[in-house]
Each structure stands twice: as structure tokens, then as C-alpha cells.
Amino acid sequence: MANKRTARSAQVIATRWVTPDLLRVTFGGADVGSLEPEFTDSYIKLLFPPAGAPYAWPFDPEQIREQFDRALWPVTRTYTIRSLDRAAQTMEVDFVVHGDTGLAGAWAKNARAGDSIGFLGPGGAWSPDPAADLHVLVGDEAAMPAIGAALDALGDRPAKVFVEVSGPDAEGGLPAGADITWVHRDGLPGHALVEAVRAAGVPDGDVRWFVHGVAEMIKDLRRFLFVDHGVAKDHVHISGYWRIGMTENDWQASKRDFVAEMEATEAVAQQGR
Ligand SMILES: Cc1cc2nc3c(=O)[nH]c(=O)nc-3n(C[C@H](O)[C@H](O)[C@H](O)COP(=O)(O)OP(=O)(O)OC[C@H]3O[C@@H](n4cnc5c(N)ncnc54)[C@H](O)[C@@H]3O)c2cc1C
């Protein structure tokens, strides 16, 4: 059986706009049917040959690494598995299409039935805790697929959702009946979302938090949760999915320093209390 480091293949079956900013791509194929995602935030890493690469999918990433300079190695982009139907061998992935910038968003916009792409994974880390009183799920469009998968898993169990989207036309794409506060972008991405979550406060009880999206928002909400309210770290799953002005390569390369700096600032702020 293929492991997580083996490149697998997915064929585009169909695409459809879930909201004006979010494009759902349905993939199929035997490799898709063989996936066993363990978490609601399970993700895959799509493989893109960089511009000018003398190869196209299908390829063996390990062989490419041996054969070519680093500049020609495949570039990865991370995407949540919104849903998987193993029997039908289909998987839905929702792509934020953010203008004409970026590799993956632009690829999805131009994807047509019959196209194939390679991917690695799945990885993942978090699922709702069945014993918790309440889940608070917070994110922007990039986190909507993971929030949607968590809501599917939660069913009727209590959840409060805060999602930032570009405006009223971009609301939608999450399970009907969920308690969702739609926040409209105002200023920099994430700013309005931080304000909304702060204004709502920290609910009482045994609460689990899932908070993902633009890195700048994560910084502010970590401070809100850990410094201002002393929420237990193991009750919170929080990280930046992307960063303003950075490709995923640049963001992943700088993420460790970004997190270390945030943690140091939080530690100083906590000592001062
Ligand atoms: C675990 C995980 C799961 C993720 N799941 C999803 C998912 O299901 N769907 C999804 O769409 N994204 C998801 N993301 C985020 C996604 O990997 C990044 O947004 C990625 O940078 C998009 O690649 P790109 O090639 O389109 O843009 P890049 O080439 O990486 O970036 C080009 C430019 O676009 C900007 N940019 C990147 N993402 C966004 C955005 N969302 N909105 C506005 N501008 C942006 C960058 O800041 C940069 O300036 C996930 C990330 C992680 C770590």
C-alpha cells in the first residue's frame, strides 16, 4: 500500500463554485479511494512542477530530487480534504481562488474534467472531542473546509462558528443549521474576525477551540486565548494556514521563527500579569 510519502494521483471529475471565492474540485481515482484520513483537518499536499520544469505529472518526486537541481523540484501546496467517499473513490477539495496570484488557486480555476495531479499525504492532527461541552471553530475561507468537516463530524453537538469572508455574497458553503457568525472582511484579512471573536468572549464550560487561517489573525487570537483568558493550550488547535504577501513555500520556511517569536511575546505578557 502507498504510504504518506508516496506520490498518488487524483483525476479532476468536476468543479463548481461553492461561493464566489471558493471553488470545489471533485477528484476521483483508485488512489483517492485508498486514502484513510484520520482527522477532520486531514490534508493533502498537491505537487506542482515549477515553471520551466522539464517534466509533468506523473513523476516520482524522489527521482526528480536526485535528477535535478533544487529549483526544479516539485512545489507543494496544502489542501484540506473537505470530504471523502471511499466507495465512490471521490474526494472534494475546496480552493480559495485569490485573484490570479498563486499556483494552486489559479490551477483550480483552470482545472477541467480529466486533468490529473499528484499529491502526498494525508496528514492531519485534529478532530472534535466528543466529551467537550462546546466547540468554537474560527477561520477564514482557507479554513472553511476543515470547519465544514468538523461540523459534519459534530452533527447535532454544540458548536459556535466564526468565519471571515469577503462580503455578504461570499457567505455559504457550510452545513445548514450551524450556529455561524459570518464576519465581513474589513481592512487586512483577519482583522474583523479577531474583533468578532474578542467581542463574543470565551464561553463557560469545557470548550475546545479550532482556529486557523491567515497568520496575522492567529497571532492576535493566540494572545486573546492564552494571555488574556488563560485558556489551556491543549484545548486549542491554532495555526496559520497562510500569510499575507508570502507564498506557501516562504510561509512554511519562516513559520517556525514566527511561532517562536509569538510564544516569546506571550510568555513576557503572561509574566507581566
Ligand atoms: C493544513 C493546511 C490546510 C489548508 N487547507 C486549505 C484548503 O482546504 N483550502 C484553501 O484554499 N487553502 C488551504 N490552506 C491554505 C493554502 O495552503 C495556502 O493559502 C496556499 O498559500 C495557497 O497556495 P497558492 O498557490 O494559491 O498561493 P501561493 O503561491 O502560496 O501565494 C501567492 C500569494 O497569494 C496569497 N494567498 C495565499 N493564500 C491566500 C488566501 N487564502 N487568501 C488570499 N491570499 C492568499 C499569498 O499571501 C501570496 O501573496 C491550507 C493550509 C494548511 C497549512
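Nothing here was measured: the structure is a model prediction, and the numbers come from that model. Whatever order the structure lists ligands and atoms in, that order sets their numbers, starting from 1. Counting from 1, the numbers follow the sequence of the chain as shown.
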Chemist: Do me a favour and list the nearest non-hydrogen protein atom to atom 8 (O) of ligand 1 with residue, atom name and distance?
Modeler: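 Answer, as residue, atom name and distance: Thr80 N, 3.1 Å.
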Chemist: Below the 3.5 angstrom mark, is there an N/O of Gly102, backbone or side chain, next to an N/O of ligand 1?
Modeler: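 N/O-N/O distance under 3.5 Å: no.
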Chemist: Among protein heavy atoms, which lies nearest atom 11 (O) of ligand 1, and at what distance?
Modeler: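 For atom 11 (O) of ligand 1, the nearest protein heavy atom comes out as Val96 N, 2.8 Å.
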Chemist: Report the part of Met246 in contact with ligand 1, treating N, CA, C, O as backbone and CB onward as side chain, heavy atoms under 4.0 Å; options are side chain, backbone, both, neither.
Modeler: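 Under 4.0 Å from ligand 1, Met246 contributes backbone atoms alone.
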Chemist: Specify the protein heavy atom at minimum distance from atom 19 (O) of ligand 1: its residue, its atom name, and the distance to 0.1 Å.
Modeler: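 Looking only at protein heavy atoms, the one closest to atom 19 (O) of ligand 1 is Trp242 CB, 3.5 Å.
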Chemist: Closer than 4.0 angstrom: is that true for some heavy atom of Glu141 and an atom of ligand 1?
Modeler: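 Glu141 does not count as a contact of ligand 1 under the 4.0 Å cut-off.
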Chemist: Under a 3.5 Å cutoff, is there a donor and acceptor pairing between the side chains of Ser34 and Arg8?
Modeler: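 Yes, side-chain donor-acceptor contact under 3.5 Å.
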Chemist: Hey, which atoms in ligand 1 end up nearer than 4.0 Å to a heavy atom of Gly105?
Modeler: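 Result: 26 (O).
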Chemist: Test your reading of the structure: does Pro145 have an N or O sitting under 3.5 Å from an N or O of ligand 1?
Modeler: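 By distance alone, the answer is no.
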Chemist: Less than 3.5 Å between some nitrogen or oxygen of Thr78 and one of ligand 1, yes or no?
Modeler: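 Between Thr78 and ligand 1, an N or O pair is found under 3.5 Å apart.
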Chemist: Taking the six-membered ring for Trp, are Trp126 and Phe210 closer than 6.0 Å centroid to centroid?
Modeler: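 They qualify: ring centres under 6.0 Å apart.
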Chemist: Less than 4.0 angstrom from a charged side-chain N to a carboxylate O is my criterion; do Arg198 and Asp228 meet it?
Modeler: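 Salt bridge present between Arg198 and Asp228.
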Chemist: Give a yes or no on whether the backbone of Phe226 and the side-chain of Gln270 come within a donor-acceptor separation of less than 3.5 Å.
Modeler: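 Checked: pair present.
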Chemist: Given that the side chain starts at C-beta and the backbone is N, CA, C, O, which of these parts of Tyr79 lies under 4.0 Å from ligand 1, counting heavy atoms, or is it both or neither?
Modeler: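 Both backbone and side chain.
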Chemist: Could you tell me whether Ile244 approaches ligand 1 through its side chain, its backbone, both or neither, with non-hydrogen atoms closer than 4.0 Å?
Modeler: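 The answer is the backbone of Ile244.
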Chemist: For ligand 1, note which part of Arg243 has a heavy atom under 4.0 Å away: side chain, backbone, both or neither.
Modeler: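 Arg243 to ligand 1: backbone contact only, side chain stays beyond 4.0 Å.
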Chemist: Looking only at protein heavy atoms, which one is nearest to atom 23 (O) of ligand 1, and how far off is it?
Modeler: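 For atom 23 (O) of ligand 1, the nearest protein heavy atom comes out as Arg77 CD, 3.2 Å.
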Chemist: Can we call the ring centroids of His229 and Phe224 under 6.0 Å apart?
Modeler: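 Yes; Phe224 has its ring centre under 6.0 Å from that of His229.
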Chemist: Which residue owns the protein heavy atom closest to atom 30 (O) of ligand 1, what's the atom, and how far is it?
Modeler: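 Of every protein heavy atom, Glu248 N, 2.7 Å lies nearest to atom 30 (O) of ligand 1.
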Chemist: Within the structure, does Asp94 bring an N/O atom to less than 3.5 angstrom of an N/O atom in ligand 1?
Modeler: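 By distance alone, the answer is yes.
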Chemist: Considering only the protein, which heavy-atom contact is closest to atom 15 (C) of ligand 1, and what is its distance?
Modeler: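 The closest one turns out to be Tyr241 O, 3.7 Å.
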Chemist: Look only at interatomic distance and state if Lys255 has a nitrogen or oxygen under 3.5 Å from any nitrogen or oxygen of ligand 1.
Modeler: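 The answer is no, given that Lys255 and ligand 1 share no N or O pair closer than 3.5 Å.
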Chemist: Please confirm whether Phe95 comes within less than 3.5 Å of ligand 1 when only nitrogen or oxygen atoms on both sides are compared.
Modeler: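 N/O-N/O distance below 3.5 Å does not exist for this pair.
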Chemist: Quick one: does Tyr241's side chain get under 4.5 Å of Thr78's, heavy atoms only?
Modeler: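 Heavy-atom side-chain distance check fails, nothing below 4.5 Å.
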Chemist: Can you tell whether the side chains of Glu92 and Arg16 come within less than 4.0 Å, N to carboxylate O?
Modeler: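 Salt bridge absent between Glu92 and Arg16.
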Chemist: Judging by distance only, is a nitrogen or oxygen of Leu103 under 3.5 angstrom from one on ligand 1?
Modeler: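 Yes, since at least one N or O of Leu103 sits under 3.5 Å from an N or O of ligand 1.
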Chemist: Can we call the ring centroids of Trp251 and Phe258 under 6.0 Å apart?
Modeler: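 Distance test on ring centres: under 6.0 Å, yes.
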Chemist: Please determine if His98 has a nitrogen or oxygen closer than 3.5 Å to a nitrogen or oxygen of ligand 1.
Modeler: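 Such a contact does occur with ligand 1.
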Chemist: Closer than 4.0 Å to some heavy atom of Thr101 - which atoms of ligand 1 meet that?
Modeler: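 Checking each atom against Thr101, I get 33 (C), 34 (O).
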Chemist: Search all heavy atoms of Pro145 against all heavy atoms of Glu141 and return the closest pair with its distance.
Modeler: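 Shortest heavy-atom contact: CD-O, 3.4 Å.
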Chemist: Between the side chains of Ser166 and His184, does any donor sit under 3.5 Å from an acceptor?
Modeler: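 No.
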Chemist: Under 4.0 Å from any heavy atom of Thr247, which atoms of ligand 1 are there?
Modeler: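 The atoms of ligand 1 under 4.0 Å from a heavy atom of Thr247 are 28 (P), 29 (O), 30 (O), 31 (O).
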Chemist: Which of these passes side chain to side chain contact (heavy atoms under 4.5 Å, CB included) with Met91: Leu35, Ile13, Thr26?
Modeler: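 Answer to the side chain to side chain contact (heavy atoms under 4.5 Å, CB included) test with Met91 among Leu35, Ile13, Thr26: Leu35.
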Chemist: Atom CG of Leu174 and atom CH2 of Trp182: how far apart are they, to the nearest 0.5 Å?
Modeler: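 Going from CG on Leu174 over to CH2 on Trp182, the span is 4.5 Å.
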Chemist: Which ligand 1 atoms are under 4.0 Å away from a heavy-atom of Ala142?
Modeler: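 Selected atoms, number and element: 5 (N), 6 (C), 7 (C), 8 (O), 9 (N), 10 (C), 12 (N), 13 (C).
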Chemist: Provide the number and element of each atom of ligand 1 under 4.0 Å from a heavy atom of Gly245.
Modeler: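 In order of numbering, the contacting atoms are 47 (O), 49 (O).
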Chemist: Hey, are Arg243 and Glu216 close enough for a salt bridge, meaning a charged N less than 4.0 Å from a carboxylate O?
Modeler: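 Salt bridge between Arg243 and Glu216, a charged N being under 4.0 Å from a carboxylate O: yes.
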Chemist: Taking the ring centre of each residue, are Tyr79 and Phe95 less than 6.0 Å apart?
Modeler: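 Yes, the ring of Tyr79 comes within the 6.0 Å limit of the ring of Phe95, centre to centre.
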